[in-house]
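The analysis underlying the following values was restricted to heavy atoms, covering all of them including side chains, and did not include hydrogens, waters or symmetry mates. Just so it is clear, the model here is predicted, and its values are computed rather than measured. Read the numbers this way: they start at 1 and go in the same order the structure lists the ligands and their atoms.
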Amino acid sequence: MLDALQAQPADALLALIKLHAADPRDDKIDLGVGVYRTGDGATPVFKAIKGAEQRLVDEQDSKSYLGPEGDGGFVSGLMPYIFGENPERGGRIAGMQTPGGTGAVRLALALAQKAGARRVHLGTPSWPNHAQIVSDLGLETVPFDHALPDGTANLDAVLRVIREGGEGELVLLHGCCHNPTGIDYTDEQWRAIADALADSAVLPVLDIAYQGLGHGMEEDAAGIRTVIDAVPEALVAYSCDKNFGLYRDRVGAFYVLAKEAGDLDAIMSNANMLARATWSMPPDHGGAAVRIVVEDKDLTRDWLGELDDMRERMRGVRERLAAADGDIPGLNLSALADQNGLFAVLPLSSDQIAALRKDHGIYMAGSGRINVAGLHRGNIDKFIAALATVAG
Ligand code: LMR
């Protein structure tokens with residue numbers, strides 16, 4: 001039976017980790033997979049997480065099962081950060097822990113499919129795993145253009161999809177720090193999207209994987225809160241990979257906004273069943289550490305301080321790249337200063353991307369996506385010079 005399987009290409013983003021590791025050059029630069037790096041190129045464990053882990057070691061007295069919902073304190077502890085005041089919206093929002101943001105996206109789409117969804121409108125380019133999850137579930141991806149050539153979001157395209165879409169259709173929106181473009185909707189654009197969704201049968205799936213890395217925890221959630229306050233129903237996928245630095249611990253959460261509080265039991269029983277059939281229960285460790293951080297004032301302060309530092313460093317990198325705009329015409333580097341989060345897409349050809357890798361040891365995704373956190377004082381001049389050589 002199994003010899004009938006066709007070989008699948010390796011995940012292009014994850015393959016970059018190995019390619020970069022195998023390159024012997026000392027001055028190689030990794031702008032591939034989306035992990036935050038400090039000015040020294042490291043991805044350390046957050047101090048707040050270390051503190052929480054120490055408490056777990058000292059105080060945790062059992063590793064017995066928690067159930068498909070995971071750690072309830074983790075799920076509810078994140079809610080004020082995501083949803084703001086009245087985080088349960090009068091009992092209309094409930095959630096559960098998932099293995100990473102990927103688990104949350106998968107669960108959201110599988111639940112919607114169980115409720116009758118067939119098509120997912122997806123602004124492209126997007127995180128490649130979005131379309132892969134959609135197709136693996138047997139749903140249809142319907143792409144629309146996320147961005148305009150000037151480096152801003154294409155509001156008309158998303159509004160058209162929402163206004164023309166109907167029953168059985170979803171629209172998957174990035175809450176902040178769009179992956180891969182870094183191009184987010186403005187507050188006014190979110191308002192228009194929310195108004196359009198309020199008049200449409202299209203169900204929003206809000207994926208928020210980088211909260212705090214754009215403009216701040218509150219600012220980065222403003223868009224999804226505008227939608228949540230306008231629509232009868234929504235699904236939310238949340239990741240703690242980047243904003244708690246918990247990548248390999250796989251910490252995520254799935255939330256649902258129901259039309260009526262009374263609908264939630266049935267909805268969550270389906271989500272529980274799907275989780276049980278897929279991964280049974282989420283891994284506990286990282287979620288427990290996040291719960292301890294958000295329940296403790298001192299650890300919360302440390303965590304938010306660390307996030308501020310990360311955001312400021314990335315702003316500095318973006319500004320330095322934008323300042324090189326005049327040296328390398330055609331790349332529209334100036335737009336990077338107004339974009340958010342870890343990523344930006346440079347309009348490079350595959351030959352130029354290959355030349356950056358071969359001749360300069362610079363690794364980026366084949367889409368031209370760079371992880372701006374891979375740049376720092378020690379390598380940014382080299383990167384700009386290399387860009388000028390291949391694209392100038
Ligand atoms: C990325 O886009 O690089 C990250 O979200 C990591 C991943 O899982 O792809």
Query raised in the report: Taking 4.0 angstrom as the limit, do E306 and R301 come out as a salt bridge?
Result: no
Query raised in the report: Would the number of heavy atoms belonging to other residues, nucleotides or ligands and lying under 6.0 Å from CZ of R25 be above 12?
Result: yes
Requested in this report: Not counting sequence neighbours, list each pair that qualifies as a side chain to side chain donor-acceptor pair (under 3.5 Å) and has a residue in residues 65-80.
Outcome: D71-R291
One line per pair, note the atom names and distance for all nitrogen or oxygen contacts under 3.5 Å between ligand 1 and the protein.
| from | atom 1 | to | atom 2 | distance (Å) |
| --- | --- | --- | --- | --- |
| ligand 1 | 2 (O) | W127 | NE1 | 3.3 |
| ligand 1 | 2 (O) | N179 | ND2 | 3.0 |
| ligand 1 | 2 (O) | R369 | NH1 | 2.9 |
| ligand 1 | 3 (O) | G34 | N | 2.7 |
| ligand 1 | 3 (O) | R369 | NH2 | 2.8 |
| ligand 1 | 5 (O) | Y210 | OH | 3.4 |
| ligand 1 | 5 (O) | K242 | NZ | 3.2 |
| ligand 1 | 9 (O) | W127 | NE1 | 2.9 |

**Report entry** Between T141 and H121: side-chain donor-acceptor atoms closer than 3.5 Å
**Finding:** no
Query raised in the report: Which residue pairs pass the ring pair (Phe, Tyr, Trp, His ring centres under 6.0 Å) test when at least one of the two sits in residues 246-289, sequence neighbours left out?
Result: F83-Y255
Please output the side-chain donor-acceptor pairs of residues 361-377 that fall under 3.5 Å, not counting sequence neighbours, one pair per line with the distance.
| from | atom 1 | to | atom 2 | distance (Å) |
| --- | --- | --- | --- | --- |
| Y363 | OH | D23 | OD2 | 2.7 |
| S367 | OG | R369 | N | 3.3 |
| R369 | NH1 | N179 | OD1 | 2.7 |
| R369 | NH2 | G32 | O | 3.1 |
| N371 | OD1 | A373 | N | 3.0 |
| N371 | ND2 | V33 | O | 3.2 |
| N371 | ND2 | V35 | O | 2.8 |
| H376 | ND1 | G39 | O | 3.4 |
| H376 | ND1 | G378 | N | 3.0 |
| H376 | NE2 | N379 | ND2 | 3.3 |

